[in-house]
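What follows is a short report on a single structure.
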Amino acid sequence: MSIKSNLTASRLLQFKGQINNENQLISQALRTILPPAGNGILLDVGAGLGDIAASAFADREATLIDILDFPDAETALHTRQKIDFFNLPKPDRQIDVMLMSHVIQYLDDDVGRLVDHIQSMSPEAIILVSNKPTKLHFRIIDWLARHDIAHNAEQFFPECPLPGYRLDRRVDLTSRIRCSNRDELARQLSSMIYDIELDPNELRAFSDWLGKQVDGASVALPQTVSLLCKEAPNA
Ligand SMILES: C[S@@+](CC[C@H](N)C(=O)[O-])C[C@H]1O[C@@H](n2cnc3c(N)ncnc32)[C@H](O)[C@@H]1O
């Protein structure tokens, strides 16, 4: 596992429940992009709270896995497993869809290993939800580099180098992070989006700099939901 920040279930609940309205938007996008259910299961990798699963595919059999401890799924067709994705053996059932929503950055320290593990499960389709780069994103990356602070932001690679899969559809959405003040915005952005824990001095400097980049304590977060489908043999 390679979570760099102090990500916990309760911090995720705060971010997704109060700070960022993305999970409702992701669920809506998934409802439009999900291929029809087959005979297999949907595997939600790094499912987090399970709220996306409950609202986007309560009617499908799904396995929700996460490395952190979350309460059992409340949806009758969903089961939960606390496990590191890399230790997950290929399920007995065919995987119709492997969903990876804002989880790639925790898994891609070794992209070759990640691609091998995804391919060993041979899902029929893969859905990736990831943030799209913005001017502010590149300025933040630059600020972090100038301060010698390593980050672990999600990389935007919609045509993820997954041999045997092709991009079928993409849906764009924009969520909004809203905080009560700029220091809180700096804390939430650095830990939840860039996966770093800044020390108090770094956090103050980041917050001061952020104040010159954004109005108030809110930023837009454009994202993309990409459906990759398995290519037909000899395609
Ligand atoms: C930013 S959260 C996203 C949660 C959810 N997919 C969503 O979009 O609301 C990332 C999740 O990935 C989980 N995660 C990180 N590394 C993991 C690993 N190696 N195996 C399984 N889950 C992992 C984290 O515990 C966390 O719940």
Side-chain angles (χ1 to χ4, degrees), residues 1-31 33-34 42-58 62-75 78-91 95 97-118 120-121 123 126-132 151-156 171 173-177 187-197 221-226:
M1 114 177 216
S2 55
I3 299 176
K4 316 287 191 287
S5 63
N6 297 330
L7 180 67
T8 58
S10 63
R11 285 184 76 169
L12 192 64
L13 179 62
Q14 184 202 24
F15 184 71
K16 297 275 191 169
Q18 300 162 19
I19 307 279
N20 181 357
N21 66 336
E22 71 185 10
N23 280 12
Q24 299 100 293
L25 302 173
I26 293 169
S27 299
Q28 277 167 22
L30 284 176
R31 285 195 290 268
I33 211 173
L34 267 168
L42 190 155
L43 179 68
D44 188 348
V45 177
L49 307 168
D51 55 337
I52 293 178
S55 111
F57 44 89
T63 300
L64 280 54
I65 70 150
D66 203 287
I67 201 163
L68 296 176
D69 218 356
F70 289 93
D72 282 346
E74 287 176 13
T75 306
H78 295 177
T79 55
R80 271 265 185 203
Q81 211 179 333
K82 179 177 181 283
I83 190 167
D84 184 330
F85 174 59
F86 289 107
N87 294 333
L88 183 74
K90 186 172 186 219
I95 301 173
V97 179
M98 180 183 283
L99 170 63
M100 305 181 106
S101 170
H102 295 303
V103 68
I104 289 281
Q105 71 270 38
Y106 305 110
L107 308 174
D108 66 359
D109 282 359
D110 181 341
V111 173
R113 179 177 178 232
L114 171 63
V115 169
D116 282 354
H117 197 55
I118 293 174
S120 74
M121 307 228 164
I126 299 165
I127 296 183
L128 297 174
V129 183
S130 43
N131 292 326
K132 284 167 79 171
H151 68 84
N152 183 31
E154 218 168 47
Q155 301 299 318
F156 177 66
V171 175
L173 61 95
T174 298
S175 75
R176 190 155 269 283
I177 296 182
R187 192 176 80 87
Q188 293 289 346
L189 267 182
S190 54
S191 61
M192 300 304 299
I193 306 296
Y194 293 89
D195 191 25
I196 39 177
E197 288 304 317
L221 209 57
Q223 318 186 12
T224 195
V225 181
S226 304

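Whatever order the structure lists them in is the order used to number ligands and atoms, beginning at 1. All residue numbers refer to positions in the sequence shown, counting from 1.
A 4.5 Å side-chain heavy-atom check between Leu43 and Leu99 finds every atom pair outside the cut-off. Two residues are said to be in side-chain contact when any heavy atoms from C-beta on lie closer than 4.5 Å; Phe85 and Ile67 fail this criterion.
Asp109 and Lys4 are joined by a salt bridge, as a carboxylate oxygen and a charged side-chain nitrogen come within less than 4.0 angstrom of each other.
His78 meets the ring pair (Phe, Tyr, Trp, His ring centres under 6.0 Å) test with Phe57; sequence neighbours excluded. Considering only residues two or more places apart in sequence or on other chains, Arg31 meets the salt bridge (Lys or Arg N to Asp or Glu O under 4.0 Å) condition with none of them.
Taking each of Lys16, His102, Glu154 in turn, the one with a heavy atom nearest to atom 7 (C) of ligand 1 proves to be Lys16. Here atom 26 (C) of ligand 1 lies nearest to Asp66 when heavy atoms of Asp66, Asp69, Ile104 are compared. When the heavy-atom distances from atom 14 (N) of ligand 1 to Leu88, Ile67, Leu7 are ranked, the shortest goes to Ile67.
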Evaluation steps, side chain to side chain donor-acceptor pair (under 3.5 Å), between Ser175 and Gln223: CA-CA 8 Å; Ser175 75; Gln223 318 186 12; 3.2 Å; yes
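Counting heavy atoms under 4.0 Å from ligand 1, residue Asp51 does not touch it at all. The part of Leu107 lying near ligand 1 is the side chain, judged by heavy-atom distances below 4.0 Å. With a heavy-atom cut-off of 4.0 Å, Ala47 touches ligand 1 through its backbone alone.
Note: Phe86 and His117 have tilted aromatic rings, judged against thresholds of 30 and 60 degrees for the angle between ring planes.
Using a 4.0 Å cut-off to heavy atoms of Ile83, the atoms of ligand 1 that qualify are 20 (N), 21 (C). Residue Ile52 approaches ligand 1 through these ligand atoms, each under 4.0 Å from one of its heavy atoms: 7 (C), 8 (O), 9 (O). Applying the 4.0 Å criterion to heavy atoms of Tyr106 picks out, from ligand 1, the atoms 1 (C), 10 (C), 15 (C), 16 (N). Per-residue contacts place Leu12 under 4.0 angstrom from the following atoms of ligand 1 (heavy atoms of the residue considered): 2 (S), 27 (O). Distances below 4.0 Å separate heavy atoms of Asn23 from the following atoms of ligand 1: 9 (O). Heavy-atom proximity to Phe85, at under 4.0 Å, picks out these atoms of ligand 1: 18 (C), 19 (N), 20 (N), 21 (C).
Residue Asp84 places at least one N or O, backbone or side chain, under 3.5 Å from an N or O of ligand 1. Between Ser101 and ligand 1, a contact under 3.5 Å exists for at least one N or O pair.
When atom types are taken as modelled, the side chain of Arg80 and the backbone of Phe70 share no donor-acceptor pair closer than 3.5 angstrom. Looking only at distances, no side-chain donor or acceptor of Glu154 sits under 3.5 Å from a matching main-chain atom of Gln105.
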